[in-house]
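Any value given below was found using the heavy atoms of this structure, including those in side chains, with hydrogens, waters and symmetry copies removed. Protein chains get the first letters and strands the later ones, always in sequence-line order, with residue 1 at the start of each.
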There are 2 protein chains.
Amino acid sequence: MPKNSPLSKTVSYAPPKPLYEQVKSYVLKRISSGDWPAYCRLPSEHTMVKDMGISRMTIHRALRELTQAGFLERIQGVGTFVAPIKAVPKNLELNDIDQVIRARGSKHHCKIHFLQAEPADTDAANLIAVSEGDQIFRSYFVHYENDIPLMLEDRHVSATLFPEYLEMDFHDSTADRCISNRFALLSHEHNIQAKVSDAEISHFLALDAATACLVINCRTWFGEKIVSTARMVYPGDRYHLG
Amino acid sequence: MPKNSPLSKTVSYAPPKPLYEQVKSYVLKRISSGDWPAYCRLPSEHTMVKDMGISRMTIHRALRELTQAGFLERIQGVGTFVAPIKAVPKNLELNDIDQVIRARGSKHHCKIHFLQAEPADTDAANLIAVSEGDQIFRSYFVHYENDIPLMLEDRHVSATLFPEYLEMDFHDSTADRCISNRFALLSHEHNIQAKVSDAEISHFLALDAATACLVINCRTWFGEKIVSTARMVYPGDRYHLG
DNA sequence: GAGTGGTCTAGACCACTCC
DNA sequence: GAGTGGTCTAGACCACTCC
């Protein structure tokens with residue numbers, strides 16, 4: 001024991017990473033250093049077992065996880081190869097409006113302009129995949145950051161899939177979160193465009209002059225069915241994504 | 001053998017899914033049906049081993065993969081629980097401009113307005129994290145869809161990290177893909193806003209009148225270092241994301 | 001037939017939590 | 001101490017590719 005054993009204890013060895021993590025790190029290091037460029041063939045599992053003295057299941061787990069993460073490609077009967085680099089997914093994460101506002105240190109509140117059942121007109125019927133005239137729910141909210149309007153949320157909701165929608169409390173939670181909490185395994189489809197404010201947008205977002213706005217259209221699926229579609233409009237000078 | 005055995009052969013049984021996939025499907029079905037709501041405790045691995053007659057490693061793999069996918073949460077020494085539903089990531093995938101244009105069935109080409117080394121001014125130095133006056137590369141391209149300008153790409157590139165940048169061929173590949181092909185394990189950071197076209201944008205994108213534009217700023221990291229930053233401007237009436 | 005990766009098992013040891 | 005999940009092994013059988 002060295003004389004500074006109390007200190008040594010404080011330093012507390014990082015617990016050694018599991019073997020499969022060590023193998024993953026090793027492979028990633030070889031890839032990022034350029035030792036193993038794209039399409040390069042890796043040693044076989046059997047070879048790695050011999051060379052590293054690690055069991056095949058452990059090697060296999062490491063390589064499988066790197067494959068799932070997009071770094072490798074494996075072909076049964078052939079071998080393991082470094083994946084071409086496009087594999088890095090360029091995703092933009094979309095967060096809830098109230099969380100974004102709170103993360104900025106501001107106060108969020110939501111004004112409900114209307115929240116009602118109505119028969120679907122042609123547009124709404126298309127948006128949410130019901131027949132024209134079917135009853136749907138519609139909500140029309142404006143979200144504020146410290147009393148300045150930041151987002152107009154115009155939402156259609158399926159009355160058959162989510163009959164309780166009108167009774168939700170939208171002051172504590174967003175519509176989006178109410179829907180997420182109600183259904184398991186939702187999927188989302190987004191579309192983002194830029195658009196100059198029109199009379200409707202200018203009115204509800206309190207814009208003096210024509211302003212470029214971000215318009216995000218989001219459709220939410222539960223399995224094969226559309227639960228909700230939302231049009232969210234942000235003034236470009238007050239908000240940006242990402 | 002039934003009399004239509006040739007047909008039976010043609011039908012070709014789907015090969016049975018691996019056991020761990022069957023376990024995953026079973027658990028997902030229980031979750032999405034509502035049998036196992038959020039925070040619900042799952043049977044222990046040992047219990048599943050007994051009940052299903054499947055070895056623990058196989059059960060464990062199924063539950064681990066569902067955990068990685070965000071459906072479950074596991075606590076060592078405690079148990080396995082259904083994850084609260086927020087887990088569904090709402091991501092927007094950002095694709096390469098030339099691929100988007102070709103996917104629309106249009107023709108892509110790129111006009112190079114300039115491509116040069118220059119000393120970093122204050123803005124550029126901040127964008128790419130070098131010192132003012134350091135040499136950097138700058139490219140200024142316009143991408144066309146069938147001869148209509150669709151995107152202005154103003155890019156700064158680190159001359160130390162990517163000295164070959166000026167010699168790349170940008171007619172066959174995009175700048176973004178050149179960079180991706182050059183480095184392994186890049187990460188990207190995006191910022192999207194709406195902005196009214198100014199004189200510069202109107203000129204290069206051939207806009208007659210003030211137009212709302214999508215502006216995407218993208219920073220590309222190689223480990224701790226910034227390889228490139230790009231400002232990409234799309235006219236809102238010609239393009240939308242997603 | 002030799003080599004590859006894909007799956008699965010029965011057992012082991014461990015760290016951790018809860019009692 | 002009993003129960004939990006986390007890791008690891010040594011072996012097995014398999015489907016697949018390439019020769």
Return the value, rounded to whole Å, for the distance between atom [atom1] of [X] and atom [atom2] of [N].
X	N	atom1	atom2	result
A:Lys50	D:dA10	NZ	P	15 Å
A:Glu45	D:dA10	CD	P	15 Å
A:Met48	C:dT4	CE	C1'	14 Å
B:His60	C:dT7	NE2	C1'	16 Å
B:Arg41	D:dG3	CZ	P	12 Å
A:Ile75	D:dC16	CD1	P	14 Å
A:Lys17	C:dA15	NZ	C1'	19 Å
A:Gln22	D:dT7	CD	C1'	12 Å

Any [X] side-chain N or O less than 4.0 Å from OP1/OP2 of [N]:
X	N	answer
B:Thr58	C:dT9	yes
B:Ser44	D:dG3	no
A:Ser55	D:dG11	no
A:Arg74	C:dG6	yes
A:His46	C:dT4	no
A:Arg61	D:dC8	no
B:Tyr20	C:dC8	no

Next on the checklist: Assess whether a salt bridge exists between A:Glu164 and A:Arg182, defined as any Lys/Arg side-chain N lying under 4.0 Å from an Asp/Glu carboxylate O.
Outcome noted: yes

Next on the checklist: Measuring only between side-chain heavy atoms, which start at C-beta, is A:Leu214 closer than 4.5 Å to B:Leu214?
Outcome noted: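 Side chain of A:Leu214 against side chain of B:Leu214, heavy atoms only: contact under 4.5 Å found.
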
Could you check whether the rings of [X] and [Y] sit parallel, tilted or perpendicular, using 30° and 60° as the cut-offs?
X	Y	value
A:His190	A:His188	parallel
A:Phe222	A:Phe183	tilted
A:Trp36	A:Tyr26	perpendicular

Checklist entry - Dot-bracket for DNA chain D: what is it, with Watson-Crick or G-U pairs under 3.5 Å, [ ] where a pair crosses earlier ones, and | for a pair to another strand? => result ||||||||||||||||||.

Next on the checklist: Need to verify one output field. Residue with the more 5' nearest nucleotide on DNA chain D, A:Gly77 or A:Glu21?
Outcome noted: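 Its nearest nucleotide being more 5', the pick is A:Glu21.
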
Next on the checklist: Could you check whether the side chain of B:Arg56 and the base of D:dG6 have a donor-acceptor pair of N or O atoms closer than 3.5 Å, going by distance alone?
Outcome noted: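 Side chain to base: pair found, below 3.5 Å.
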
Checklist entry - Looking just at side-chain N and O atoms, do A:Thr80 and A:Arg74 make a donor-acceptor pair shorter than 3.5 Å? => result yes

Next on the checklist: When you measure from the side chain of B:Asn146 to the backbone of B:Lys107, do you find a donor-acceptor pair of N or O atoms at a distance under 3.5 Å?
Outcome noted: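 Here the side-chain-to-backbone pair exists.
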
Checklist entry - Between B:Val78 and A:Thr80, which has a closest nucleotide on DNA chain C that is more 5'? => result A:Thr80

Checklist entry - Between A:Lys225 and A:Ser158, does a side-chain hydrogen bond (donor to acceptor under 3.5 Å, both in side chains) hold up when you go through it step by step? => result CA-CA 9 Å; A:Lys225 291 173 182 162; A:Ser158 163; over 6 Å; no

Checklist entry - Looking for any heavy atom pair under 4.0 Å, which part of the strands does B:Leu63 touch: base, sugar-phosphate only, or nothing? => result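 Since no nucleic acid heavy atom lies under 4.0 Å of B:Leu63, the category is nothing.
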
